[in-house]
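Here the structure is laid out as structure tokens; the discussion comes afterwards.
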Amino acid sequence: MAVDYDKAYKLLAAQERVSNSKAKELIDKGLVSVGGKKLLIARGEIRVDTKFSVKDIAKIKVIFEDDDILVVDKPAFLTADEVSKKFPNAILLNRLDKETSGVMMFAKNEEFQKRAIKEFAQNNVYKEYVAIVEGKVIDELIIDKPILTTKDRGTAKSKIDKHGKSAKTTLYPMLVEGNKSKVKLVIESGRTHQIRVHLSSVGFPIIGDSLYGRVASNVNRVLLHSKITRIFDYEFISNEPKEFKVYDFS
């Protein structure tokens, strides 16, 4: 018996009763999964009887605000630019990848922005992340490898390259179960996809990272979270999202 196929975004549009463009946007954001695996290609052919699961995006929460700085808890699946549009009178200070959640900071005025940029440039900003990775991490590890970033049709991709910019990531083991580990990461500088590239380069790719690792069952995002940031006398903390609680290994 012949099985009919159609483009994924068209079938999703019919299932969710949304426009084709909205369905494509949902897939491109990484919000759609089939059988527990993230759907990656909106225009790919798929069986017409496929059932899709669509994840909701969490709301942006304000962690702290005063006259100089606005700090938000960025949910996964929103780009830094999309978050910025919600706060048009503030100036973005740090970027997170689309699927990375956690602390994102904005300056409330140009004077504070200039002071903050100087702190970043001098590596005086403490940036701590948590990630779930493949492999058993049992020792502290310093990854000091230059990163080169290129763009192809607006999409950035990074790699370890001697011609790249200096980048340093320190990896601390937290918990291990089976062949998975929960790790703390502290970075100096902040190159594009730095943590993801560094971890992949030492054999500990982040779970859910389809670009530098591989897609994982029942995980529809990169399991990387910006947990603690310190700048000047401020400290900002974003609690780990529920996706990480599954990996508490308790």
Side-chain angles (χ1 to χ4, degrees), residues 25-26 28-33 38 54-109 112-113 115-117 119-120 124-133 156 169 172 174-175 182-196 199 206-209 211 218-248 250:
E25 179 187 332
L26 291 171
D28 290 343
K29 281 186 176 294
L31 294 169
V32 182
S33 59
K38 183 164 65 175
V54 181
K55 183 178 177 65
D56 291 328
I57 298 177
K59 295 192 182 304
I60 302 168
K61 296 178 182 175
V62 174
I63 296 174
F64 179 84
E65 184 175 9
D66 64 11
D67 291 340
D68 291 321
I69 192 167
L70 167 69
V71 185
V72 303
D73 193 346
K74 174 194 169 300
F77 308 110
L78 289 179
T79 66
D81 289 333
E82 286 174 318
V83 177
S84 294
K85 287 178 183 177
K86 303 288 185 182
F87 306 99
N89 296 321
I91 309 163
L92 184 64
L93 288 176
N94 71 301
R95 289 181 170 271
L96 297 178
D97 295 343
K98 181 173 70 174
E99 293 184 20
T100 302
S101 51
V103 177
M104 252 181 68
M105 302 185 298
F106 296 82
K108 297 283 289 293
N109 55 70
F112 186 85
Q113 178 200 20
R115 290 175 55 215
I117 288 173
E119 289 294 283
F120 277 106
N124 289 334
V125 181
Y126 177 84
K127 292 162 284 188
E128 179 183 318
Y129 291 72
V130 63
I132 313 296
V133 304
T169 303
Y172 302 90
M174 293 175 71
L175 297 163
K182 190 172 192 176
V183 297
K184 180 177 87 171
L185 304 133
V186 177
I187 65 170
E188 293 180 18
S189 64
R191 310 304 178 196
T192 300
H193 301 170
Q194 175 175 326
I195 293 174
R196 296 163 64 186
L199 288 180
I206 300 175
I207 290 174
D209 190 348
L211 190 58
N218 301 316
V219 176
N220 65 347
R221 60 164 289 194
V222 177
L223 291 179
L224 178 63
H225 179 72
S226 174
K227 189 172 183 177
I228 301 173
T229 302
R230 299 188 193 115
I231 185 169
F232 302 120
D233 294 328
Y234 297 100
E235 178 180 86
F236 307 113
I237 300 174
S238 168
N239 294 327
E240 296 167 24
K242 61 183 180 181
E243 296 96 321
F244 289 74
K245 305 303 181 186
V246 177
Y247 294 93
D248 273 342
S250 53

Please report the shortest heavy-atom distance between [X] and [Y], naming the atom on each side.
X	Y	answer
Ala156	Leu211	O-CD2, 4.3 Å
Lys29	Ile57	CD-CD1, 4.2 Å
Pro241	His225	CD-ND1, 3.5 Å

Counterpart residues, salt bridge (Lys or Arg N to Asp or Glu O under 4.0 Å), relative to [X] (two or more places apart):
X	answer
Lys184	none
Asp68	none
Arg115	none
Glu119	none

Worksheet item: Should we say atom CG of Asp67 is surrounded by more than 12 heavy atoms from elsewhere, each under 6.0 Å from it?
Response: no
Fill in: Approximate separation, where rounding is to 0.5 Å, of Ser101 OG and Arg221 CZ
3.5 Å
Practice prompt. To the nearest 0.5 Å, tell me how far Arg230 CZ sits from Asn124 CG.
Written response: 13.5 Å
Item to complete: Please determine if Arg196 and Glu99 form a salt bridge, counting it only when a charged side-chain N lies under 4.0 Å from a carboxylate O.
Response: no
Item to complete: Could I get the full list of ring-ring contact (aromatic ring centres under 6.0 Å, His included) partners for Phe232, not counting sequence neighbours?
Response: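 For Phe232, the residues satisfying ring-ring contact (aromatic ring centres under 6.0 Å, His included) (neighbours in sequence not counted) are Phe112.
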Fill in: All ring-ring contact (aromatic ring centres under 6.0 Å, His included) counterparts of Tyr126, not counting sequence neighbours
none
Practice prompt. Would you please name every residue forming a side chain to side chain contact (heavy atoms under 4.5 Å, CB included) with Ile91, sequence neighbours left out?
Written response: Ala107, Glu110, Gln113
Worksheet item: Can you name the side chain to side chain contact (heavy atoms under 4.5 Å, CB included) partners of Glu188, sequence neighbours left out?
Response: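 Once residues adjacent in sequence are excluded, the partners of Glu188 under the side chain to side chain contact (heavy atoms under 4.5 Å, CB included) criterion are Asn123, Lys168.
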Worksheet entry | side chain to side chain donor-acceptor pair (under 3.5 Å) partners of Thr229, counting only residues at least two apart | none
Item to complete: Please list, chain by chain and in numerical order, all residues satisfying side chain to side chain donor-acceptor pair (under 3.5 Å) with Gln194, sequence neighbours excluded.
Response: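 With neighbours one apart ignored, the set is Thr169, Ser189.
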Worksheet item: Side-chain contact, heavy-atom cut-off 4.5 Å: Leu92 with Phe87?
Response: no
Fill in: Pairs involving residues 84-96, ordered by first then second residue, that meet salt bridge (charged side-chain N to carboxylate O under 4.0 Å, His left out) (sequence neighbours left out)
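Sorted result for residues 84-96: Asp81-Arg95.
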Compile the donor-acceptor pairs under 3.5 Å between side chains in residues 70-78 and protein atoms, sequence neighbours left out, one pair per line.
| from | atom 1 | to | atom 2 | distance (Å) |
| --- | --- | --- | --- | --- |
| Asp73 | OD1 | Ser238 | OG | 2.8 |
| Asp73 | OD2 | Ser238 | OG | 3.1 |
| Lys74 | NZ | Leu78 | O | 2.8 |
| Lys74 | NZ | Asp97 | O | 3.2 |
| Lys74 | NZ | Lys98 | O | 3.0 |
| Lys74 | NZ | Thr100 | O | 2.7 |

